[in-house]
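A short worksheet on the structure shown next.
Just so it is clear, the values below take in all heavy atoms, side chains as well, and ignore hydrogens, waters and symmetry mates. Residue numbers start from 1 in every chain, and the chains themselves are labelled A, B, ... in the order their sequence lines are given, proteins ahead of strands.
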Number of protein chains: 2
Amino acid sequence: MAKQKGAEGRPPGMTDVARVAGVSAQTVSRVLSGHPNVREKTRATVLAAVEQLGYRRNNAARMLSSGRSRTIGVVTLRTTFYSRAAVTSGIEHAAQAAGYTVSTATTASLDTSAIEAALSRLADQGVEGIILSVPLTHSSPRIEQFTRAVPTITIDGSRTDATEVVAVDQALAARLATRHLLDLGHETVWHLAGPEEWLEAAARRDGWRATLEEAGRPVPPPLEGDWSPASGYRGGLVLARIPEVTAVFVASDEMAFGVIRALHEQGRRVPEDISVVGVDDIELAEYCSPSLTTVAQPFGQMGALAVAHLLRHVADPGALPEPASVEPRLVVRASTAPAGAPAPRRERP
Amino acid sequence: MAKQKGAEGRPPGMTDVARVAGVSAQTVSRVLSGHPNVREKTRATVLAAVEQLGYRRNNAARMLSSGRSRTIGVVTLRTTFYSRAAVTSGIEHAAQAAGYTVSTATTASLDTSAIEAALSRLADQGVEGIILSVPLTHSSPRIEQFTRAVPTITIDGSRTDATEVVAVDQALAARLATRHLLDLGHETVWHLAGPEEWLEAAARRDGWRATLEEAGRPVPPPLEGDWSPASGYRGGLVLARIPEVTAVFVASDEMAFGVIRALHEQGRRVPEDISVVGVDDIELAEYCSPSLTTVAQPFGQMGALAVAHLLRHVADPGALPEPASVEPRLVVRASTAPAGAPAPRRERP
DNA sequence: GCAGAGGATGTTATCGATGCCAACAGATGG
DNA sequence: CCATCTGTTGGCATCGATAACATCCTCTGC
């Protein structure tokens, strides 16, 4: 047993409350669970006793006895990306509102084994549902085993047999960005993509390519970054050296900052010489020079939606997984301009 | 009882493993807890049975029985600031490495009552320790009650009787920034502070003021923002209108981006006309134009340190709280320049 | 060869709350 | 006035694992 029985410091239990209130422990349980069949007066007495003793129900015991943990687990990659923070915030908010606790398991890499380990940790916690907020290109038997045992929602757009998906329509995001640039009169649009193993990166690249093809434009070879500003910078240096580049669709705002920086350094002006569009609409997008045209993603909403779907699925495991998606939105700022626009003099001569 | 007893779908229990292995449940427990006094052969038999049945220990039961949850709780503000993400990452990493699970309780505001609610949720979870990663200017009896009951580490630099503190030396951060600007020959340094209720904001302001006073320089009235780039922008508009401003110390990189943006728009060049220093060293600091001189904060290290201290405190509740602090580091980039430097022509005339 | 130390294992009581069922009270109705 | 029903409440077993204690067994050392 955990604590010495006689010790006075031991926190009060339900029986203690029952004794003080002059009822049985069972009745205390009923009051605390909001069971309807309890006389009003009894309820008041019990609540008074609870208050007096500063009693709190022991979660471990409830969980053991009832089999419910009221906890959902979240698997994320251990990064400081804006998107991760925003999605997580949304999840936490929605979960708390629904009376659920959030337990986090982060992984340092996207290795199948790392994800398995994270899932394993959550399974040990007895979570009722899992939100898998990492790209999952290669599933594995062990992963499937977990997702079959515990209701799971995937956020990145990947999917498994036993998994429901909530995702932003990334192809649409790419389409909006590319379309915008073409509409400005650019002959074609170059692309700095995210890492291949991220499904959202792949979806954006596909959307970009499809838009160009539909418009009958040449499709330049896409570059690839790793989401970091540094990789954007490297990509920017490459792009700066290609004279015919006049428009770039960058797969994330953070990389876009790096691209713009590199272009600046190489003497290519944004947006006069080259237009740049990002994705995410991070808070800083509006406050850099030039402010960044980008495709806003409803991260918070996505987190909330994931939780809503997950809890519905938890409540009714038989329900058919029904994919949901939320729409991105183009935010036009100052990093894009019509093709071949006369270069305005911005600084003092 | 939670699950129907006879059902075959019920996950295997320790007794099931014991039966298969031909030992008692207690022995299984000992094997799984790494108890030394178990014959090697028995251990192997048990592990084989565990493997065969796909057995996992029930955390709720362990917790109830042993009184330990191996979970720590983190209270944070629900924001998407870089600092929050970075600290949280550090905490999660360290906690996982130590075999602990992290349970998150976020609050939307800094109200005492909101924080109390968050703590209450964590207490219900039975966490063994709490990391309070929100500024806590006004404590409250209820808060003190929680922090007395559960080992708690505060990260923001605030402190309570029963609370240990891990913090970056913010006064030093401010000193480094201010000193740097003075060393560049600036007559004095203006300051855009963070919200007053954040202790780190207050510490930075104090450090800035002290440095100026020690140097015998005039202390301009500090402006105040809310950490957002937008508030930085507003502050920047004000500063741009004051001719004698040549150096500004901004309390966060995110605000600094806004400040620089505003100065640009008003035709004040950075760093030729005005030097700007931020705090945090967010990833983007290096990739904007001009790249931002800033004071780097070891966020990840801080999270890890907090966990280390917390676990030490959990292991030995009698140990005296011993404040720890980690040092910030100045990172000089391109947003600062000597005072009165001849303005170089950067753009084509 | 035997006593004693100590390692290996089993037994039992519990941790704190909940589910099911029985008991009991007051209300309704014939 | 008794039978039935609905609303309240208590009793008991139980969830799955661990702590403490009790055993049993196996080596030493004399």
B:Leu53 CG to D:dG16 P, straight-line distance once rounded to whole Å
14 Å
Where the side chain of A:Tyr55 is concerned, which of C:dA17, D:dA17, D:dC15 is the nearest nucleotide?
C:dA17
For A:Ser133, what residues pass the side-chain hydrogen bond (donor to acceptor under 3.5 Å, both in side chains) criterion, not counting sequence neighbours?
none
Just the atom pairs and distances: protein N or O near nucleotides 25-28 of chain D's N or O, under 3.5 Å.
none

Which of residues 21-38 of chain B have a heavy atom under 4.0 Å from DNA chain D?
B:Gln26, B:Ser29
What residues, two or more places apart in sequence or in another chain, satisfy side-chain hydrogen bond (donor to acceptor under 3.5 Å, both in side chains) together with B:Ser69?
none
Whole angstrom value for the distance that separates C1' of D:dA19 from CG of B:Leu64
13 Å
For B:Thr101, check side-chain hydrogen bond (donor to acceptor under 3.5 Å, both in side chains) against everything at least two apart and list the hits.
A:Gln125
Not counting sequence neighbours, list each pair that qualifies as a salt bridge (charged side-chain N to carboxylate O under 4.0 Å, His left out) and has a residue in residues 14-23 of chain B.
B:Asp16-B:Arg19
Just by distance, no angles: are the side chains of A:Ser103 and A:Thr71 close enough, under 3.5 Å, to form a donor-acceptor pair?
no
Side-chain contact, heavy-atom cut-off 4.5 Å: B:Pro151 with B:Ile130?
no
Residues in side-chain hydrogen bond (donor to acceptor under 3.5 Å, both in side chains) with A:Ser109, at least two apart?
A:Asp111
Under the rule for side chain to side chain contact (heavy atoms under 4.5 Å, CB included), what residues qualify as partners of A:Ala98, not counting sequence neighbours?
A:Tyr100, A:Leu311
Rounded to the nearest Å, what distance is computed from the CD atom of residue B:Glu40 to the P atom of nucleotide C:dT9?
11 Å
Base, sugar-phosphate, or nothing: which does A:Thr42 touch, judged by heavy atoms less than 4.0 Å apart?
sugar-phosphate
Residue set satisfying side chain to side chain contact (heavy atoms under 4.5 Å, CB included) with B:Ala149, at least two apart, ordered chain then number -> none
Let me test you: for the helix from C:dG1-D:dC30 to C:dG30-D:dC1, what is the angle between the axes at its two ends (five pairs each), rounded to 10 degrees?
40°
Could you tell me the separation between the CG atom of A:Asp16 and the P atom of C:dC15, rounded to a whole number of Å?
11 Å
Pairwise salt bridge (charged side-chain N to carboxylate O under 4.0 Å, His left out) hits with a residue in residues 24-41 of chain B, at least two apart
B:Glu40-B:Arg43
If only side-chain N and O atoms of B:Arg62 are considered, is one of them under 4.0 Å from the OP1 or OP2 phosphate oxygen of D:dT18?
yes
OP1 or OP2 of D:dA19 less than 4.0 angstrom from a side-chain nitrogen or oxygen of B:Ser65, does that happen here?
no
Classify the nucleic acid contact of A:Arg56 as base, sugar-phosphate or nothing, counting any heavy atom under 4.0 Å across all strands shown.
sugar-phosphate
Send over the distance from A:Asn58 CG to C:dC15 P, rounded to a whole Å.
11 Å
Starting at CZ of B:Arg68 and ending at P of C:dT14, how long is that distance when rounded to a whole Å?
24 Å
Scan residues 112-139 of chain B for pairs that pass salt bridge (charged side-chain N to carboxylate O under 4.0 Å, His left out), counting only residues two or more places apart or in two chains.
A:Arg56-B:Asp124, B:Arg68-B:Glu128, B:Glu116-B:Arg142
Would you say the side-chain atoms of B:Arg78 and B:Thr104 include a donor-acceptor pair closer than 3.5 Å?
no
Write down the distance between CG (A:Asn59) and C1' (C:dC15), rounded to a whole number of angstrom.
14 Å
Please determine whether a side-chain nitrogen or oxygen atom of A:Arg39 lies at a distance below 4.0 Å from atom OP1 or OP2 of C:dA25.
no
